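One structure is given below, encoded as structure tokens.
What you are looking at is a predicted structure, and each value in this text was computed from that prediction instead of being measured.
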Amino acid sequence: MNRNIIAIAIASLGFVIGLAILGSAVKNRNKSDHTISVTGLGTNKFTSDLITWNGNFSRNGFELQSAYNDLASDRKVISDYLISKGIKAEEMVFSAVDIQKLYNYSNDASGNSSRTFAGYQLTQTVSLESKEVQNIENISRNITEIINRGIEFTSAPPNYFYTKLSEVKQQMIADATKDAKERAEKIAENAGADLGNLKKATMGVIQITAPNSTEEYSWGGTYNTMSKEKEASITIKLEYEVN
């Protein structure tokens, strides 16, 4: 009989403990459900303050030394031209000379192929990086002035950057956080509840596009370098407790 009483007591104790555990689980579950998750947006428009630009020029010739001398002469003309436009010598970077052998290919009546040496092609690149954005833009647009001097020159589109991006990012984070909190407060107010403690904050990646463009955002972040005018955006996701 004593054994039966002990067994009943143990079973009763287990039942009570089970109810306590279940009650705690329900309580914690309900507590975790009492949250609000909101996403805030911060944006900023700005104008690039740094520009990069490059162009290629080349010379062809059967004699390597002669072609190299012609290329060096072209390099001097280009350098003098850029200096005349206000570019400092230290802002110009000339790449190493790329040398390619050229061949003409043909087939005879029997279908046998052959190649004939057609000379050398020497190519060099000049690159500029400057905060004089407007000046570099003008140079890139008026590159025919170099071509008119008998130089085979190809210009690439400029790329635009902003050197104070960290400051812009900090302000956008602050704006996005404020926007998210205001949204959470409005939701809680409409639900007749009070906003509690912040549980979690997640920051998205910065997206930089041309203003009013249709560029798609990337999960790793977008950085448009083709537009001088830029628009940056960032999102902040906040999760609050609700009382």
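Tyr68 and Ile99 fall within the same hydrophobic cluster, where Ile, Leu, Val, Met, Phe, Trp and Tyr residues are linked whenever their side-chain heavy atoms come under 4.5 Å apart, directly or through other members. Residues Ile208 and Ile51 are members of separate hydrophobic clusters, defined by side-chain heavy-atom contacts under 4.5 angstrom among Ile, Leu, Val, Met, Phe, Trp and Tyr. Residues Leu102 and Leu71 do not share a hydrophobic cluster, defined by chaining ILVMFWY side chains whose heavy atoms lie under 4.5 Å apart. Criterion: ILVMFWY side-chain heavy atoms under 4.5 Å apart, direct or through other members. Under it, Phe153 and Val93 are not part of a common hydrophobic cluster. Met226 and Ile143 are members of different hydrophobic clusters when ILVMFWY side chains are connected at heavy-atom separations under 4.5 Å.
One distance of note links CD of Glu185 with CG of Asp194; it measures 11.0 Å at 0.5 Å rounding. To the nearest 0.5 Å, atom CZ of residue Phe57 and atom CD1 of residue Ile147 are 13.5 Å apart. From Thr47, atom OG1 reaches atom OH of Tyr160 across 11.5 Å, with rounding to the nearest 0.5 Å. We find the OG-CG distance between Ser48 and Asn159 to be 10.0 Å, quoted to the nearest 0.5 Å. Going from atom NZ of Lys181 over to atom CG of Leu195 covers 7.5 Å, rounded to the nearest 0.5 Å. Rounded to the nearest 0.5 Å, atoms OG (Ser37) and NZ (Lys200) are 8.5 Å apart.
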- Going through the checks in order, is the side chain to side chain contact (heavy atoms under 4.5 Å, CB included) test met by Ser73 and Asn69? CA-CA 6 Å; Ser73 177; Asn69 290 339; over 6 Å; no
- Task: Let me see the working for Asn224 and Glu215 under side chain to side chain donor-acceptor pair (under 3.5 Å), right down to the final yes or no.
- Result: CA-CA 9 Å; Asn224 179 301; Glu215 296 175 70; 3.0 Å; yes
- Would you sort out whether Val168 and Ile206 count as a side chain to side chain contact (heavy atoms under 4.5 Å, CB included), showing the intermediate values? CA-CA 10 Å; Val168 172; Ile206 188 169; 5.7 Å; no
- Message: Before you tell me yes or no, could you show the steps for Thr43 and Ser233 under side chain to side chain donor-acceptor pair (under 3.5 Å), namely the whole-Å CA-CA distance, both residues' side-chain angles and the distance that decides it to 0.1 Å?
- Response: CA-CA 4 Å; Thr43 62; Ser233 63; over 6 Å; no
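Asp179 is linked by a side chain to side chain donor-acceptor pair (under 3.5 Å) to Arg183, counting only residues two or more places apart in sequence or in another chain. In this structure Lys85 satisfies the salt bridge (charged side-chain N to carboxylate O under 4.0 Å, His left out) test together with Glu145, sequence neighbours excluded. Taking Ser140 as the reference, Trp53, Ser155, Pro158 meet the side chain to side chain contact (heavy atoms under 4.5 Å, CB included) condition, with sequence neighbours excluded. Asn54 is linked by a side chain to side chain donor-acceptor pair (under 3.5 Å) to nothing, counting only residues two or more places apart in sequence or in another chain. Shown here are the side chain to side chain donor-acceptor pair (under 3.5 Å) partners of Asp49, two or more places apart in sequence or in another chain: Thr163. In this view, Lys88 satisfies the salt bridge (charged side-chain N to carboxylate O under 4.0 Å, His left out) rule with no residue, not counting sequence neighbours.
Ile151 is not listed as a side-chain neighbour of Tyr81, based on a closest heavy-atom distance of 4.5 Å or more. Here the side chains of Ile139 and Ile87 are in contact, with some heavy-atom distance below 4.5 Å. Looking at heavy atoms from C-beta onward, Ile234 lies in side-chain contact with Ile173 at the 4.5 angstrom threshold. When side chains are defined from C-beta on, Ile146 does not count as touching Val77, because their heavy atoms never get closer than 4.5 Å.
The ring pair (Phe, Tyr, Trp, His ring centres under 6.0 Å) analysis of residues 118-147, with sequence neighbours excluded, yields the pairs Phe117-Tyr120. Each ring pair (Phe, Tyr, Trp, His ring centres under 6.0 Å) pair with one or both residues in residues 161-198, not counting sequence neighbours, appears once here: Phe46-Tyr162. Sorted by first and then second residue, the salt bridge (charged side-chain N to carboxylate O under 4.0 Å, His left out) pairs with a member in residues 68-78 read Arg59-Asp74, Lys76-Asp80; sequence neighbours excluded. Here salt bridge (charged side-chain N to carboxylate O under 4.0 Å, His left out) pairs that include residues 146-167, with residues two or more places apart or in two chains, number zero. Each salt bridge (charged side-chain N to carboxylate O under 4.0 Å, His left out) pair with one or both residues in residues 217-230, not counting sequence neighbours, appears once here: Glu137-Lys228.
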In a table with atom names and distances, give each donor-acceptor pair under 3.5 Å that connects a side chain of residues 125-134 to protein atoms at least two apart or in another chain.
{"from": "Thr125", "atom 1": "OG1", "to": "Asn56", "atom 2": "OD1", "distance (Å)": "2.5"}
{"from": "Ser130", "atom 1": "OG", "to": "Glu132", "atom 2": "N", "distance (Å)": "2.9"}
{"from": "Gln134", "atom 1": "NE2", "to": "Asn138", "atom 2": "OD1", "distance (Å)": "3.2"}

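Under the 3.5 Å distance criterion, the side-chain polar atoms of Gln100 are left unmatched by any main-chain donor or acceptor of Gln121.
Residue Glu182 qualifies as enclosed at atom CD: its count of foreign heavy atoms under 6.0 Å is above 12.
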